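Comments concern the structure below.
Because the structure is a prediction, the values reported are computed rather than measured. Values below: every heavy atom of this structure, side chains too, minus hydrogens, waters and symmetry copies. So that the names make sense, note that chain A is the first sequence line, chain B the second, and so on, each numbered from 1.
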2 protein chains.
Amino acid sequence: MRSRFMQIAGEALRERGYKLTEPRLAILDYLARHDGHPAIQEIYKGIRKKHPGIGMATVYRTLDLFTSLGLVRVLTLESSRLHYEINWPHAHHHHLICTVCGRVIEFSNCNFQQLAAEIEKAAQFTIEEHTIKAYGKCSQCDRSR
Amino acid sequence: MRSRFMQIAGEALRERGYKLTEPRLAILDYLARHDGHPAIQEIYKGIRKKHPGIGMATVYRTLDLFTSLGLVRVLTLESSRLHYEINWPHAHHHHLICTVCGRVIEFSNCNFQQLAAEIEKAAQFTIEEHTIKAYGKCSQCDRSR
DNA sequence: ATGGTAACTGATAATGATTATCATTACCTG
DNA sequence: CAGGTAATGATAATCATTATCAGTTACCAT
Ligand SMILES: [Mn+2]
Ligand SMILES: [Mn+2]
Ligand SMILES: [Zn+2]
Ligand SMILES: [Zn+2]
């Protein structure tokens, strides 16, 4: 739930001594209310409708902070910019990326536990996070379907 | 095998009407001879020892070309630069990234076939490629091991 | 409520990677 | 050898991100 998450996020900030400021709340709110995987520039434009005056540098700083706190996830779709999304609790998922139209589709059934265990043993590595991206053609772009 | 791959790569270029030029051969050779996942700047420095005169712009162009031909794979480790590696045939693998020291470890046992089939059916998506990255701590950096 | 203070911010400049431009060169084909 | 296209290197331009810094604000303790 949106408001529940805002509450959790607020606590996460307070707990670690971060202040609840207008830019932080605005960006969190924007991400929570908009589906998709916006890049910084899109987030910047989005929040400025209600909060002109917030500067681009602050958007960068804020997203870095949120990422380090685990409140948002970063995602590289094209190489040039980073894309962001709320890291909703209990909504672990990954992405399918259409190489024709760029559409991004989410999927959640990555059964990674077993693979992770194998890898950790074989490589002597402690896995904390993982990301999977699959590239191909979405149903609209694949003529053969 | 290195020379075998150079041969395959040469054919791939010729077939599609690309010329076998000094920069192209030098970059291919550099990547084939050096393990790891160098960024452009490192590749540039590497080839210039034997081939001063090759310009940075050509390195960019060449790596884009190789990527589009499937001869090399691109990899985002930090957000700021792209990293490259030879896409050796029959050597499918993915990467573990240590969040402490940055070391990159490869693993090849990703059994993705089953998952891919599930996803393709559920999402109506045709998967052509996939990448998996796992973040965590390598054995040198994990005190608890 | 007020004041003190470190955290935070917005504007701006600086950086660094990537891309575009363009004149020159290398390579074919005939 | 001439003509034509692909490819290159130098350079400038672009664009995302980061650093700087002076002014502002949230928050805690009075
Ligand atoms: Mn997503
Ligand atoms: Mn690799
Ligand atoms: Zn598509
Ligand atoms: Zn490590």
Side-chain angles (χ1 to χ4, degrees), chain A residues 6-7 9-30 37-69 71-84, chain B residues 9-30 37-69 71-84:
Chain A
M6 292 295 283
Q7 193 178 7
E11 284 166 19
L13 288 171
R14 266 189 228 282
E15 271 173 25
R16 313 216 193 183
Y18 295 106
K19 296 176 182 173
L20 284 192
T21 65
E22 179 186 342
R24 287 173 182 168
L25 293 173
I27 290 169
L28 214 44
D29 183 71
Y30 176 87
H37 306 86
I40 292 256
Q41 290 73 4
E42 189 177 343
I43 298 169
Y44 176 71
K45 283 178 195 156
I47 59 172
R48 285 190 122 241
K49 292 174 188 167
K50 288 188 184 176
H51 307 269
I54 293 181
M56 182 64 105
T58 298
V59 181
Y60 274 98
R61 282 187 290 242
T62 302
L63 287 166
D64 283 350
L65 174 64
F66 288 172
T67 303
S68 73
L69 295 177
L71 297 174
V72 312
R73 283 211 299 175
V74 190
L75 175 61
T76 48
L77 296 177
E78 347 121 51
S79 65
S80 49
R81 342 169 148 201
L82 297 177
H83 294 251
Y84 297 86
Chain B
E11 285 165 19
L13 287 172
R14 265 189 228 282
E15 272 174 22
R16 312 215 193 184
Y18 295 106
K19 296 176 182 173
L20 284 190
T21 64
E22 179 186 342
R24 287 174 182 166
L25 293 173
I27 291 170
L28 214 45
D29 183 71
Y30 176 87
H37 306 86
I40 292 257
Q41 290 74 5
E42 190 177 344
I43 298 169
Y44 175 70
K45 281 178 196 155
I47 59 170
R48 285 191 121 240
K49 292 174 188 166
K50 289 188 183 176
H51 307 268
I54 293 181
M56 182 63 105
T58 299
V59 181
Y60 275 98
R61 282 187 289 242
T62 303
L63 287 167
D64 283 351
L65 174 64
F66 288 171
T67 303
S68 73
L69 295 178
L71 296 174
V72 312
R73 282 210 302 173
V74 190
L75 175 60
T76 48
L77 296 176
E78 347 119 52
S79 65
S80 50
R81 344 169 145 201
L82 296 176
H83 294 251
Y84 297 86

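In this structure the side chain of B:Tyr84 never reaches within 4.5 angstrom of the side chain of B:Leu75, judged on heavy atoms. A:Ile27 has its side chain out of reach of A:Tyr44: every pair of non-hydrogen atoms, C-beta onward, lies at least 4.5 Å apart. A heavy-atom distance below 4.5 Å is found between the side chains of A:Thr62 and A:Thr58. With a 4.5 Å cut-off on side-chain heavy atoms, A:Lys49 and A:Tyr30 do not count as touching.
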Below 3.5 Å is the cut-off: list the nitrogen or oxygen pairs between protein and nucleotides 2-7 of chain C, distance only.
unit_1 : atom_1 : unit_2  : atom_2 : d
C:dA7  : O4'    : A:Lys19 : NZ     : 3.3

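DNA chain C is contacted by both B:Arg14 and B:Met56; B:Met56 maps to the nucleotide lying nearer its 5′ end (nearest heavy atom per residue). Both A:Ala57 and B:Val59 lie close to DNA chain D; mapped to their nearest nucleotides by heavy-atom distance, the more 5′-ward contact belongs to B:Val59.
For A:Arg81, the salt bridge (charged side-chain N to carboxylate O under 4.0 Å, His left out) test picks out no residue, with sequence neighbours left out.
Note that NZ of A:Lys50 is 11.5 Å distant from CD of A:Glu22, once rounded to the nearest 0.5 Å. B:Arg24 CZ to B:Ile54 CD1: the interatomic distance, rounded to the nearest 0.5 Å, is 11.5 Å. Here the CD1 atom belonging to B:Ile47 is positioned 11.5 Å from the CG atom belonging to B:Leu28, to the nearest 0.5 angstrom.
Between B:Asp64 atom CG and C:dT19 atom P there is a gap of 6 Å when expressed in whole angstrom units. Protein atom OH of B:Tyr84 is 11 Å distant from nucleotide atom C1' of C:dA17, rounded to whole Å. Remark: C1' of C:dT19 and CG of B:Leu65 are 16 Å apart, rounded to the nearest angstrom. The distance from atom CD of B:Glu22 to atom C1' of C:dC27 is 14 Å, rounded to the nearest whole Å.
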Between A:Leu65 and A:Leu13, does a side chain to side chain contact (heavy atoms under 4.5 Å, CB included) hold up when you go through it step by step?
CA-CA 9 Å; A:Leu65 174 64; A:Leu13 288 171; 4.0 Å; yes
Assess whether side chain to side chain contact (heavy atoms under 4.5 Å, CB included) is satisfied between B:Leu82 and B:Ile40, documenting all intermediate values.
CA-CA 7 Å; B:Leu82 296 176; B:Ile40 292 257; 5.7 Å; no
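Between A:Gln41 and A:Tyr60, the shortest heavy-atom distance links the atoms NE2-OH, 4.0 Å. Between B:Ala12 and B:Leu71, the shortest heavy-atom contact is CB-CD2, 4.4 Å. Minimum interatomic distance between B:Val72 and B:Leu63 (heavy atoms only, all atoms of both residues): CG2-O, 4.1 Å. What you find for A:Leu20 and A:Arg14 is that their closest heavy atoms are CD1-NH2, 3.3 Å.
The stretch residues 75-83 of chain A has no heavy atom under 4.0 Å from DNA chain C, so no residue of it qualifies as close. Sorted by residue number, the list of members of residues 40-51 of chain A with any non-hydrogen atom under 4.0 Å from DNA chain C is empty.
Inter-axis angle, ends of the helix from C:dA1-D:dT30 to C:dG30-D:dC1, five pairs per end, rounded to 10 degrees: 40°.
Taking every nucleotide of DNA chain D with any atom under 4.0 Å from a non-hydrogen atom of chain A, the first and last of them, 5' to 3', are D:dA16 to D:dC27.
The closest donor-acceptor contact from the side chain of A:His83 to the backbone of A:His37 lies under 3.5 Å.
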